[in-house]
Chemist: 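Questions regarding the structure given below will be posed in turn.
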Amino acid sequence: MATPADTFHQIVHERRAVRKYAEDGKLDPEAVRRSLERAILAPNSSNLQTWEFHRIRDAEKRKEVARLCMNQSAARTAHELIVFVCRSDHWKDHSLRILESMRSSFSEPLSKRDKRAIEYYKRNIPLLYTNDPFGLMTLLRRIIVFVSSLSKPFVRWTNRANSRIITHKSIALAAQTFMLSMQAEGYATCPMEGFDEKRLKRYLNLPARAEINMVVATGPADQEGIYSERFRFPYSEVVKEW
Ligand SMILES: Cc1cc2nc3c(=O)[nH]c(=O)nc-3n(C[C@H](O)[C@H](O)[C@H](O)COP(=O)(O)O)c2cc1C
């Protein structure tokens with residue numbers, strides 16, 4: 001009998017970046033929904049969930065989004081396109097909602113751990129995520145990092161680039177969860193970074209602060225969808241054991 005590890009092994013091995021989808025095949029939209037529900041369960045920094053998943057289902061809209069994905073084959077032939085959008089601009093609203101949910105779920109008297117968790121969202125998150133046009137918060141964080149790291153290890157997160165990277169890390173994990181889930185549902189995917197971000201953001205009515213991490217094409221694979229044998233550098237070269 002196949003173990004969960006056997007099944008996972010098969011899913012990982014069978015997932016490929018598929019550049020062509022079967023025109024006569026069918027995509028069950030519920031499989032996409034289930035996979036996005038699983039993607040939402042991906043680990044993410046401070047559980048802030050500063051992400052959005054834009055499902056492009058309508059044929060005309062897909063055509064336009066495919067055009068903005070440089071008309072690449074995966075985008076043109078996909079049955080759905082999912083745009084993975086970083087919304088680091090949602091950090092404040094989300095941290096307030098997390099605080100609210102903590103306050104209603106924690107029971108009095110608060111334990112030390114509960115108090116620490118509340119403190120984290122009340123003080124640390126604003127300190128890490130607040131930015132201003134003059135870079136004063138970056139300066140403040142640089143001073144804190146400099147002083148605090150003199151005698152002990154300290155997380156060196158100071159500027160807006162750090163928070164952008166963190167948001168991208170989290171959403172990439174969601175994208176991978178989505179792709180593996182679609183594979184488990186019997187469909188293929190292709191992650192794409194080849195798109196015109198400015199035009200795509202405008203098309204999706206996204207604000208300036210939003211960023212697109214990747215677009216994922218999905219659908220039933222066409223027989224000619226895999227362009228080449230899979231190639232990876234060997235384990236012995238990329239895994240360093242300490
Ligand atoms: C961040 C990212 C961006 C990618 N962008 C594209 C793309 O724009 N077009 C494309 O055809 N494939 C794209 N790929 C797919 C890679 O080329 C593919 O994953 C890689 O060649 C390994 O092949 P495999 O996924 O079949 O193992 C992208 C993959 C990642 C992770």
Side-chain angles (χ1 to χ4, degrees), residues 7-23 25 27 31-32 35-36 38-40 42-45 50-56 61-88 161-204 206 210-239:
T7 308
F8 186 67
H9 181 87
Q10 187 186 350
I11 292 164
V12 170
H13 277 257
E14 288 179 355
R15 185 216 58 80
R16 294 295 315 276
V18 168
R19 273 70 179 229
K20 194 169 176 216
Y21 297 89
E23 226 176 303
L27 170 68
V32 180
S35 296
L36 284 170
R38 292 169 192 145
I40 291 167
N44 66 95
S45 184
T50 46
W51 53 29
E52 277 175 358
F53 311 94
H54 292 242
R55 279 181 78 171
I56 319 296
K61 290 177 182 149
R62 264 190 288 133
K63 205 169 165 190
E64 178 55 14
V65 172
R67 189 179 75 83
L68 301 178
C69 291
M70 324 315 295
N71 258 329
Q72 45 178 310
S73 169
R76 264 191 294 111
T77 61
H79 290 220
E80 270 203 39
L81 289 160
I82 319 296
V83 187
F84 287 77
V85 182
C86 299
R87 294 301 306 259
S88 42
N162 294 122
S163 42
R164 291 181 51 230
I165 290 168
I166 282 160
T167 312
H168 279 276
K169 283 182 203 174
S170 297
I171 202 162
L173 293 176
Q176 174 69 343
T177 304
F178 172 76
M179 290 188 279
L180 292 178
S181 171
M182 286 306 289
Q183 187 68 36
E185 294 278 357
Y187 297 104
T189 54
C190 183
M192 293 176 287
E193 62 194 345
F195 53 83
D196 181 330
E197 187 180 18
K198 191 172 169 185
R199 286 194 165 89
L200 188 49
K201 273 171 62 175
R202 198 184 306 140
Y203 184 70
L204 298 175
L206 292 167
E211 290 186 44
I212 299 174
N213 175 265
M214 65 177 95
V215 180
V216 176
T218 191
D222 185 274
Q223 275 184 343
E224 292 166 7
I226 296 175
Y227 285 1
S228 58
E229 287 290 302
R230 184 175 245 167
F231 170 77
R232 289 293 192 273
F233 298 110
Y235 179 96
S236 58
E237 191 181 319
V238 297
V239 179

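This is a predicted model, so every value here is computed, not measured. In listed order, ligands and their atoms are each counted from 1.
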Chemist: Got the closest protein heavy atom to atom 9 (N) of ligand 1, with its distance?
Modeler: Gln72 OE1, 2.8 Å

Chemist: Only heavy atoms of Arg15, strictly under 4.0 Å: list the atoms of ligand 1 that pass.
Modeler: 24 (P), 25 (O), 27 (O)

Chemist: Taking all non-hydrogen atoms of both residues, which atom of Ala74 and which atom of Met192 are closest, and how far apart?
Modeler: CB-SD, 4.1 Å

Chemist: Partners of Glu80 by salt bridge (charged side-chain N to carboxylate O under 4.0 Å, His left out), sequence neighbours excluded?
Modeler: Arg55, Arg57

Chemist: What do you reckon, does Ala17 have a nitrogen or oxygen under 3.5 Å from a nitrogen or oxygen of ligand 1?
Modeler: yes

Chemist: Among the heavy atoms of Cys190, does any lie under 4.0 Å from an atom of ligand 1?
Modeler: yes

Chemist: Tell me the closest heavy-atom pair linking Val32 and Thr218, and the distance in Å.
Modeler: CG2-CG2, 4.5 Å

Chemist: Non-hydrogen atoms of Arg232 versus ligand 1: any pair closer than 4.0 Å?
Modeler: yes

Chemist: Evaluate the 4.0 Å heavy atom contact test for atom 20 (C) of ligand 1: does a protein atom fall under the cut-off?
Modeler: no

Chemist: Thr167 and Ser163: which non-hydrogen atoms are nearest, and at how many Å?
Modeler: OG1-O, 2.7 Å

Chemist: How far is atom 14 (N) of ligand 1 from the closest protein heavy atom, and which atom is that?
Modeler: Pro191 O, 3.1 Å

Chemist: Where the closest heavy atom to atom 15 (C) of ligand 1 is concerned, which of Arg16, Met192, Arg19, Glu193 has it?
Modeler: Arg19

Chemist: Using a 4.0 Å cut-off to any heavy atom of Gly194, which atoms of ligand 1 qualify?
Modeler: 8 (O)

Chemist: Arg230 heavy atoms, cut-off 4.0 Å: which ligand 1 atoms fall inside?
Modeler: 27 (O)

Chemist: Going by the rule side-chain contact (heavy atoms from CB on, under 4.5 Å), which residues pair with Ala17 if we only count those two or more places apart in sequence or in a different chain?
Modeler: Arg19, Cys190, Pro191

Chemist: Check for a donor-acceptor pair, side chain of Glu14 on one end and backbone N or O of Gln183 on the other, with a separation under 3.5 Å.
Modeler: no

Chemist: Determine, for Lys61 against Glu64, whether the closest basic-nitrogen to carboxylate-oxygen distance falls under 4.0 angstrom.
Modeler: no

Chemist: Taking the six-membered ring for Trp, are the ring centroids of Phe231 and Phe233 within less than 6.0 Å of each other?
Modeler: yes

Chemist: Between His168 and ligand 1, which part of the residue brings a heavy atom under 4.0 Å of the ligand: side chain, backbone, both or neither?
Modeler: neither

